[in-house]
Amino acid sequence: QVQLVESGGGLVQPGGSLRLSCAASGHTLDAYAIGWFRQAPGKEREGVSCISSSDDFTYSTDSVKGRFTISRDNAKNTVYLQMNSLKPEDTAVYYCATDPSITYGCYLLPGGYEYWGQGTQVTVSS
């Protein structure tokens, strides 16, 4: 079982930046595709960005393209989500997830991921 832990959330003003981290225990993340998802109050969980196990493929949903960047630091066994130019509509609980069955590429369908972190709150407000 893969255990994921997110960190880095907080309160930030519109236009600000945050970097979320997704760390794993017991497994090396470089063997796994990782997805970042978010869920705002009263809304369904949606995919934000993902990175393939080989790091040669990343994908982000249209609403964050050009603002969010997903990356991986294998030495630290951590995947990051750099979020710039944050907007109030980015406010949500952010989760990272993985599934060992994703061996090629990645995708942003929450139902396709088995292992999830506990989430970290991101609030964008003045």
Side-chain angles (χ1 to χ4, degrees):
Q1 184 174 356
V2 181
Q3 295 182 325
L4 303 174
V5 179
E6 304 94 337
S7 62
L11 173 64
V12 63
Q13 293 185 342
S17 298
L18 283 174
R19 188 178 75 163
L20 305 184
S21 299
C22 174
S25 60
H27 292 78
T28 52
L29 281 184
D30 61 357
Y32 296 92
I34 301 293
W36 279 100
F37 298 83
R38 65 186 180 187
Q39 188 165 19
K43 295 188 177 181
E44 293 185 353
R45 190 167 298 188
E46 66 169 346
V48 177
S49 296
C50 65
I51 186 168
S52 65
S53 59
S54 60
D55 293 351
D56 61 353
F57 179 80
T58 62
Y59 181 77
S60 294
T61 193
D62 286 347
S63 63
V64 307
K65 284 181 180 177
R67 301 189 297 123
F68 291 11
T69 302
I70 189 170
S71 63
R72 188 195 300 268
D73 186 335
N74 291 332
K76 295 184 178 180
N77 206 30
T78 301
V79 173
Y80 301 101
L81 184 68
Q82 178 67 45
M83 307 188 296
N84 299 327
S85 302
L86 283 161
K87 304 175 181 180
E89 51 263 43
D90 295 317
T91 295
V93 178
Y94 282 71
Y95 302 87
C96 63
T98 190
D99 192 295
S101 69
I102 305 173
T103 57
Y104 181 78
C106 65
Y107 48 81
L108 294 179
L109 297 175
Y113 289 77
E114 180 176 3
Y115 299 108
W116 292 79
Q118 83 290 347
T120 185
Q121 176 70 47
V122 171
T123 302
V124 185
S125 174
S126 56

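It should be emphasised that the depicted structure is a prediction, and the values quoted were computed from it without experimental measurement. FYI, the numbering just counts along the sequence from 1.
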- Item | Ring-ring centroid check Y115 Y32, cutoff 6.0 Å |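 No.
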
- Is the ring centre of Y80 less than 6.0 Å from the ring centre of F68?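 Not close enough - the centres of the two rings lie 6.0 Å or further apart.
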
Heavy-atom check, side chain of [X] versus side chain of [Y], under 4.5 Å:
X: F57; Y: C106; value: yes
X: V79; Y: I70; value: yes
X: T58; Y: C50; value: no
X: E6; Y: Y94; value: no
X: L4; Y: C96; value: yes
X: E89; Y: T91; value: no
X: I34; Y: L29; value: yes
X: N74; Y: R72; value: yes

Taking all atoms of both residues into account, what is the closest heavy-atom pair of [X] and [Y], and its distance?
X: A33; Y: I102; answer: CB-CG2, 3.7 Å
X: P14; Y: S126; answer: CD-N, 3.7 Å
X: S17; Y: N84; answer: OG-OD1, 2.9 Å
X: R38; Y: D90; answer: NH1-OD1, 2.9 Å
X: S60; Y: L108; answer: C-CD1, 4.3 Å
X: S49; Y: V64; answer: OG-CG2, 4.2 Å

- Audit row: V5, Q118, side-chain contact (heavy atoms from CB on, under 4.5 Å) steps and yes/no: CA-CA 7 Å; V5 179; Q118 83 290 347; 4.1 Å; yes

Are [Y] and [X] connected in a single hydrophobic cluster, I mean Ile/Leu/Val/Met/Phe/Trp/Tyr linked by side-chain heavy atoms less than 4.5 Å apart?
X: L109; Y: Y95; value: yes
X: M83; Y: W36; value: yes
X: V12; Y: L81; value: yes
X: V2; Y: F37; value: no

- Query: Should the pair W116 and Y113 be assigned to parallel (<30°), tilted (30 to 60°) or perpendicular (>60°) ring geometry?
  - Reply: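 Ring orientation of W116 relative to Y113: perpendicular.
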
- Do D62 and K65 meet the salt-bridge criterion of a basic N to acidic O distance under 4.0 Å?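 Yes, charged N to carboxylate O under 4.0 Å.
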
- Message: I need the I51 CD1 to S71 OG distance, nearest 0.5 Å.
- Response: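 One finds 6.5 Å between CD1 of I51 and OG of S71.
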
- Message: Between L11 and S125, does the side-chain contact (heavy atoms from CB on, under 4.5 Å) criterion hold? Intermediate values first, please.
- Response: CA-CA 7 Å; L11 173 64; S125 174; 4.2 Å; yes

- Query: Under 3.5 Å, is there a donor-acceptor pair between the side chain of N77 and the main chain of H27?
  - Reply: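 Pair found, side chain donor or acceptor close to backbone of H27.
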
- Task: Go through the steps for S21 and T78 under the test side-chain contact (heavy atoms from CB on, under 4.5 Å), then give the verdict.
- Result: CA-CA 6 Å; S21 299; T78 301; 3.9 Å; yes

